[in-house]
Student: 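The structure is given below, and queries will be raised subsequently.
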Amino acid sequence: MESISIFDMLKIGVGPSSSHTLGPWRAAVRWIENLKKEGDFDKVELVWVHLYGSLALTGKGHASDIAVMMGLQGTDPVTFPIDEIQPTIDKITSENTLLLDFEKEISFTPSENIQFDRTFLEFHPNGITFTALFEDGSKKTESYYSIGGGFVVQEERKRAKKKIERFSSFPFPIQKATQLLEYCQKEQKSISEIVLQNELSLRTETEIKEKLKSIWNVMLDSMYSGCHTEGVLPGGLNVIRRAYGTHKKLIGETSYTHSYEWIKAIRGTKVKFRQILKWVSCFALAVNEVNASLGRVVTAPTNGSAGVIPAVLMYYLVIENHDGNYEDINKFLLTSGEIGSLFKKGATISAAMGGCQAEIGVSSAMAAGALTELMGGSPEQVLMAAEIAMEHHLGLTCDPIAGLVQIPCIERNAMGAIKAINACEMALDRDPLDAKIPLDKVIATMWETAKDMATKYKETSEGGLAVQVSLSDC
Ligand code: SF4
């Protein structure tokens, strides 16, 4: 049984895409680690990278080439300063050299050493191969697959197997929603309490709290920064950053000096239905504008859908419960992470496998369930809310214009967040015994729909809006 920590579902990373940016970045880091482990690193003379399938089709817009170079340089996507990414890339490009893992200078011309190959490897649509040429003229090639949400595997899943063994100590192994519910009923615990018990088998409570706090801080920073940054997003679509203008109208003359004061300031604003809609949309837009400009966000469960969970959690804190605190934030993140892992185990969180239902649909389900727990819903109602949110995202295709994570992606986060809130309210008003569709069934349906979906709607930019609207129209 596959067991996934919620810290694998909610990860701090860099935009614009978890599968096309964070994944390739991590793959490059992992390859360098492997070279070192096997004693090959010092012999490397040259390096080539091949990006296959969806990574080739939308990799330019998703900054896959930049991510690979950053990984080869040995930088960490969680901590590397965002404003130093472009200067690092400019240096590689202008000098045609790369400092492998900050240690070994090799000659590297991005246009020659990184190849975009539109063929699809059999194992997964997001394939990457790294080839090293050694001093003695021999070569070594390894393939990696970015399977969504920043997860990277090798075909033989050596590492995945190891991970499963590591997790064999989970006290509550969970594959399906029905099992999760059984544990809640048997132990008389909420979903977040069950998930916390599992996490405690991996790390201490203090470590868990610290990790959750840093996740929330990145979420808050991305909302704050997005709401206070104006201008046009990079990439050529001329997309104007909208969170800035919306936020300015909503916040009015209220003053504050940092993000936590900002929360208090928002709590003091007018909150009729229209303002609530605008605030929630504004939070989601802000995060995804930061993501689109290669900023730091929390992959939740992907970067393209990074705005939904922070927007719904912020809704809870500034609209629903002005006394909301870290305990609530922790519960929300634990529950949402577990719901995301159910989708990863039973279907996919990769748009290259399942279209946008796997990104925005899953994030909306995660947020809907987590909000329901905070609003006092039972575990049954939490799962019902997640089911409702996904049910109305089934079949959603992925068709980003020009391969950029901007249109329809940014706005779609706002829609996913609003649907999550509505799904929560609907679940809170229902008796779970009346539910016709259990969460496991909707997960299975999503997976069947993913398999039936035409390839052109799976992060290739070869269908839908991506072909109806071109860069020149923008
Ligand atoms: S359309 Fe959806 S799945 Fe595709 S890149 Fe945008 S947010 Fe991600």
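All ligand and atom numbering here is 1-based and tracks the order in the structure.
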Student: Under 2.8 Å from atom 2 (Fe) of ligand 1, which protein N, O or S atoms do you find? Ignore water molecules.
Tutor: Cys356 SG
Student: Run through Phe123, Phe130, Trp31 and flag the one making a ring pair (Phe, Tyr, Trp, His ring centres under 6.0 Å) with Tyr144.
Tutor: Phe130
Student: Who are the side-chain hydrogen bond (donor to acceptor under 3.5 Å, both in side chains) partners of Asn422, not counting sequence neighbours?
Tutor: none
Student: Taking side chain to side chain contact (heavy atoms under 4.5 Å, CB included) as the test, write out the residues that go with Asp117, two or more places apart.
Tutor: Tyr52, Thr119
Student: Taking atom types as modelled and ignoring hydrogens, do the side chains of Gln73 and Thr88 form a donor-acceptor contact shorter than 3.5 angstrom?
Tutor: no
Student: Taking salt bridge (Lys or Arg N to Asp or Glu O under 4.0 Å) as the definition, give me every residue that meets it alongside Glu448, ordered by chain and number, with sequence neighbours left out.
Tutor: Lys451
Student: Give a yes-or-no answer on whether the side chains of Ser5 and Glu199 include a donor-acceptor pair shorter than 3.5 Å.
Tutor: yes
